[in-house]
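Note sheet for the following structure.
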Amino acid sequence: MIMSHYDPLKIEEKWQKRWEEEKPFAAKDNDNRPKMYLAEMFPYPSGAGLHVGHVRNFSIVDCLARFYTQQEMNVLRPFGYDTFGLPAENYAIKTGIAPQDVTKTNIDNFRKQAKRLGYAIDWDREINTSDPAYYKWTQWCFLQLFKKGLAYQAENYQWWCPVDQTVLANEQVENGCCWRCGHEVEKKKMKQWFFKITAYADELLDEIDNLDWPDKIKTMQKNWIGRSEGAEIDFEIKDHKETVRVFTTRPDTLFGATFLVLAPEHPLITKITTEDARKAMTQYCKDAIKKSEIERQENKEKTGVFTGAYAINPATGKEIPIWVADYVLSGYGTGAIMAVPAHDDRDYDFAEKFDLPIVKVIEKPEDIEDDSKCYHGEGTIINSGAFNGIETAEARDGITDWLEKQGIGHKKVTYRMRDWLISRQRYWGCPIPIAYDKNGKPHAIPEDQLPVLLPKIDDYKPDSSGRSALAKSEEFMKVTIDGEEMTRETDTLDGYACSSWYLWRYTDPHNDKEAWSKEKVNYWAPTDVYCGGDHAVAHLLYIRFWCKFFADEGYLDFREPVKKLLYNGYINAPDGKKMSKSKGNVIDPLDVINSGYGADTLRTYELFIGPYNQDAAWSTEAIGGVYRFLNRCWSLVFDKEMIAESKTVSLRHKTIKKVTEDIYRANFNTAVAAMMEFVNELYKTGAAKDDVVALAKLIKPFAPHLACEMLEKLGSDDVWPKWDDALLVEDSVEMIVQVNGKLRARIQIPAEDAADKAKLEEYAKADAKIASMIADKEIIKTIVVPQGKLVNIVVK
RNA sequence: GCCCGAGUGGUGAAAUUGGUAUACACGUAUGCCUUAGGAGCAUAUGCCUUCGGCGUGCUGGUUCGAGUCCAGUCUCGGGCACCA
């Protein structure tokens, strides 16, 4: 017989053309069916095009989208592009080609490639963050935050290269030098824009436990927010009217505070440093501030300089020296600490190095073993006047209350999370919709003047002002608000701002009156399943923050943007290393398709490669196995004679159950395995029409083109098949006989006897091999029949 | 240093409530078909062996029964890392 041939490229072209014309994936805003909103983290459309990592990510979402569509739900599965950012700007600086033009080329390429994969995308909802019709509303979002005081300006130290006269990102500073010119960089105080994410710190933290998200991400977010409860305490400074405020989580150790330490950036340093210390202090602070965060953390050898000034410990009344050291961070708490060397490792190291007094104030319980140099656990308070003898936990409240009565301390909650710095001195970003009057006061651009358009310019390089290239456009800079001439802000927004609300824009992407309509957003959102493999903290925290803010403002009826998060692993090169252009080990999905495998094989392979949330190495051999499997599916319909009556009814129902439940659990790899088992069996027994119809429906979320081709030939719809529990059972089942927990016999028994424990025992004893093992009845201690299908005989 | 995960064949991995360890796939071997095959189909494939025994990183424990639960330990991966 001449075999016809499974030709994926031909089949896929046919169905993609049909989907392009008929738009079967358009989501309906008014629909009685239950809704299902699925999205992946939208890609940055790089010049390199789609890679196999995108394919894994998109294929997971597509599998779910098609699965729920076949379950007759109203599915929204949109697509878009995160287009602002450094690569396009650097490319423009190098080549002079406008980022707008590069971006358009890249998007066109991404779209074309995504269509080759046959995704069930509602293409009419496509969005692009650098499109003025989109970023108009990013600017609107900024203004809502600005109006509520949650977008604000503050002075902040930034890296500054005095030769290039530009601000540098932390990653652009190498060994204290500029990555471009190699000159030593400095830290410069600059005014920057921030979003006050800390205003939502408590809710962002408390809601984490209720999220259906991977524990890994939840833990990372908790650590990132880093809530600490403690107290702020004011220390008087001898011979000065100023006080030093410190934050501590251990107010119970106040009597053991034998010195204070200020961060090198602390504003009081210049005021209180004595003449003799001044020179050394200036040098120390200058050096410390210059050091990068990384350098400050790498070298844990304690350094510091004494100010010459003394504070008064309010508990003991004693004078204690005030030091400056870079182990105290300016950005956390108050930038100053009370040092308790007896009960804190860092303070202990410092005290030992500079020969400062160590006073023990906690006696550890006798049953606790702890031979470290200083004890930081709980215990009984000593050397603390009226507080002696009480437990540390109690003393934390007691001492805080006492401080509060004196008016020199209070309870305080502090977060490790800082406010979100959003201004970028870059051209290729969303302009911040702000203008400054003559006095430098910021004003919101009126909403009817939005969008603030990003002008096309010739030279994208930042200029000597340290501002973005926008400052060079005189036309852009001038603006009139309420008859007053003002100057525009030249910073652009962090790209993460653009992606903090796109999930809501998808629900109403063409709205030119508002960012989204309340009706549409509350019908579709929150997103039911969101899938990505990156941005564990930043993006996934920012969308939660904006969701809570816009819920407070009445624009959303929900406070968490994503119900279920699927965090997929990476696809690595066959050797297990990261794929990268420079290593030359990149697998191009289009090459895989065009080599003859087709998109269905690629998609199914990437879902079969392993658990979706685990990294996987590409295998050029294993993908062939998936192709063979699809080929066998195809042959069942197009090559083989069908049999009249199915011989695999029970397995068919088992397979339907397994695949359905596996997709709900996101166990895509075992769902594919179950279908392979089913096909292998059909090859042995022959396949009836019911068998292949079920198979085609089950395989559609994985290999949609092939499935459509099969269903068309079979004249079937694609409605998701159901299983019948009664049909899962086969006529005869295998029972297991163990002796002392070890497998000794397998016996075929009628299925209806499987639940009858007495009968199972009889079968077991009747088996020749078992009978010989227990011929001497004396040795039987007990017989355990825990449930259907298993007997364990325990012998002496 | 602290906090999480994970260790199962030659390889990627299954085992969903404590109940047949290694499903499915790759690779390998053999056969069939073929002018030919890097195609297709079929069979076999944890280890040692004569019966039989041993096997889920290692050492113990609980249990009639442990990959799964408990204690300890080793290794690898990830996150945080002077946050007071």
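Letters A, B, ... are given to chains in the order of the sequence lines, protein chains preceding strands, and every chain is numbered from 1. These figures come from a predicted structure and were not determined experimentally.
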* Asked: Atom CD of A/Gln614 and atom P of B/G77: how far apart are they, to the nearest Å?
  -> 15 Å

* For A/Val784, which contact category applies under a 4.0 Å heavy-atom criterion: base, sugar-phosphate, or nothing? -> base

* Mind calculating the distance between NE2 (A/His5) and C1' (B/G37) to the nearest angstrom? => 14 Å

* Between B/A21 atom C1' and A/Lys742 atom NZ, what is the distance in whole Å? -> 14 Å

* To do: Using the C1' atom as the reference point in each nucleotide, state the distance between B/U45 and B/U59 in Å, no decimals.
  => 33 Å

* What is the nucleic acid contact for A/Arg632, judged by heavy atoms within less than 4.0 Å: base, sugar-phosphate only, or nothing? -> sugar-phosphate

* To do: Look at the side-chain N and O atoms of A/Tyr332 and state whether any lies under 4.0 Å from the OP1 or OP2 oxygen of B/A84.
  => yes

* To do: Tell me what A/Ala622 touches on the nucleic acid: a base, only sugar-phosphate, or nothing, going by heavy atoms under 4.0 Å.
  => sugar-phosphate

* Can you tell which of B/G79, B/A84, B/G40 lies closest to the side chain of A/Arg628? -> B/G40

* Asked: Between A/Phe67 and A/Tyr664, is the ring centre distance below 6.0 Å?
  -> yes

* To do: Would you kindly check whether a donor in the side chain of A/Asn223 faces an acceptor in the base of B/C80, or vice versa, at under 3.5 angstrom?
  => no

* **Pairwise C1' distance, B/A6 and B/U50 [rounded to whole Å]** => 41 Å

* Whole-Å gap separating P (B/A23) and CZ (A/Phe608) -> 12 Å

* To do: Just say parallel, tilted or perpendicular for the rings of A/His343 and A/Tyr375, cut-offs at 30° and 60°.
  => perpendicular

* Would you kindly compare A/Val794 and A/Phe247 by the position of their nearest RNA chain B nucleotide and give the one closer to the 5′ end? => A/Val794

* Within the structure shown, what part of the strands sits under 4.0 Å from A/Asn669 by heavy-atom distance: base, sugar-phosphate, or nothing? -> sugar-phosphate

* Touch class at under 4.0 angstrom, heavy-atom based, for A/Ser228 against every strand present -> sugar-phosphate

* To do: Look at all strands and tell whether A/Thr782 reaches a base, only sugar-phosphate, or nothing, counting heavy atoms closer than 4.0 Å.
  => nothing

* Which whole-number value in Å describes the distance from A/Glu677 CD to B/U22 C1'? -> 13 Å

* To do: If the glycosidic angle is within 90 degrees of 0 it's syn, otherwise anti, so just tell me which one B/G67 is.
  => anti

* Asked: Cationic tip of A/Lys640 within the cone over A/Tyr683's six-membered ring, i.e. under 6.0 Å and within 45° of the normal?
  -> yes

* Looking only at non-hydrogen atoms, find the nearest pair between A/Met579 and A/Ala573 and report the distance. => CG-N, 3.7 Å

* To do: Mind calculating the distance between CD1 (A/Ile208) and C1' (B/C4) to the nearest angstrom?
  => 15 Å

* To do: Considering only atom C1', compute the distance from B/G7 to B/U22 and round it to an integer number of Å.
  => 15 Å

* Structure fact -> Scanning all shown strands, the Watson-Crick or wobble mate of B/C69 with both distances under 3.5 Å is B/G61

* Heavy atoms under 4.0 Å, any strand shown: does A/Thr219 hit a base, just sugar-phosphate, or nothing? -> nothing

* Asked: Which whole number of Å gives the distance between the P atom of B/C2 and that of B/G72?
  -> 14 Å

* Asked: What integer number of Å spans the P atoms of B/U62 and B/U43?
  -> 46 Å

* Asked: For atom P, what is the distance between B/C24 and B/U73, given to the nearest Å?
  -> 40 Å

* Asked: C1' atom, B/G77 versus B/A84: distance in rounded Å?
  -> 31 Å

* Member of A/Leu566, A/Leu540, A/Ile208 meeting the side-chain contact (heavy atoms from CB on, under 4.5 Å) criterion with A/Trp213 -> A/Leu540

* Could you work out the separation of B/C4 and B/G53 based on their C1' atoms and round it to a whole Å? => 40 Å

* Structure fact -> Under a 3.5 Å limit on both distances, the Watson-Crick or wobble mate of B/C2 is B/G79

* Gap between atoms CZ and P, on A/Arg744 and B/U20 respectively (whole Å) -> 16 Å

* To do: Give one of base, sugar-phosphate or nothing for A/Arg746, where a contact means two heavy atoms less than 4.0 Å apart.
  => base

* To do: Kindly indicate whether a cation-pi arrangement holds for A/Lys302 with A/Phe354, taking the cut-offs as under 6.0 Å to the six-membered ring centre and within 45° of the axis.
  => no

* To do: Please work out if A/Gln738 contacts a base, only the sugar-phosphate, or nothing of the nucleic acid, heavy-atom cut-off 4.0 Å.
  => base

* To do: Assign A/Asp662 to base, sugar-phosphate, or nothing according to its heavy-atom contacts below 4.0 angstrom with the strands shown.
  => base

* Asked: Nearest of B/C41, B/C54, B/G19 to any side-chain atom of A/Tyr683?
  -> B/C41

* Asked: For A/Ile609, which contact category applies under a 4.0 Å heavy-atom criterion: base, sugar-phosphate, or nothing?
  -> sugar-phosphate

* To do: Tell me the partner of B/A29, counting only Watson-Crick (N1-N3 plus N6-O4 or O6-N4) or G-U wobble (N1-O2 and O6-N3) with both under 3.5 Å; none if nothing fits.
  => B/U43

* Asked: Checking only heavy atoms, does the side chain of A/Lys302 share a donor-acceptor pair with the base of B/C82 at less than 3.5 Å?
  -> yes

* Structure fact -> When rounded to the nearest 0.5 Å, the distance separating CD1 of A/Ile217 from CG of A/Leu541 is 11.5 Å

* Return the value, rounded to whole Å, for the distance between atom CG of A/Asn680 and atom P of B/A42. => 8 Å

* Would you mind telling me which of A/Thr685, A/Thr655, A/Asp691 makes a side-chain hydrogen bond (donor to acceptor under 3.5 Å, both in side chains) with A/Thr648? => A/Asp691

* Structure fact -> Nearest-nucleotide check on RNA chain B, A/Ala673 vs A/Ala336; residue mapping nearer the 5' end is A/Ala673

* Structure fact -> Of the listed B/A84, B/C82, B/C64, the closest approach to the A/Asn792 side chain comes from B/C64

* Among B/C24, B/G40, B/A13, the one nearest A/Met676 by side-chain distance -> B/C24

* Any strand is fair game: report the nucleotide pairing with B/A23 by Watson-Crick or G-U wobble, both distances under 3.5 Å, or none. => none

* Looking just at side-chain N and O atoms, do A/Asp252 and A/Thr392 make a donor-acceptor pair shorter than 3.5 Å? -> no

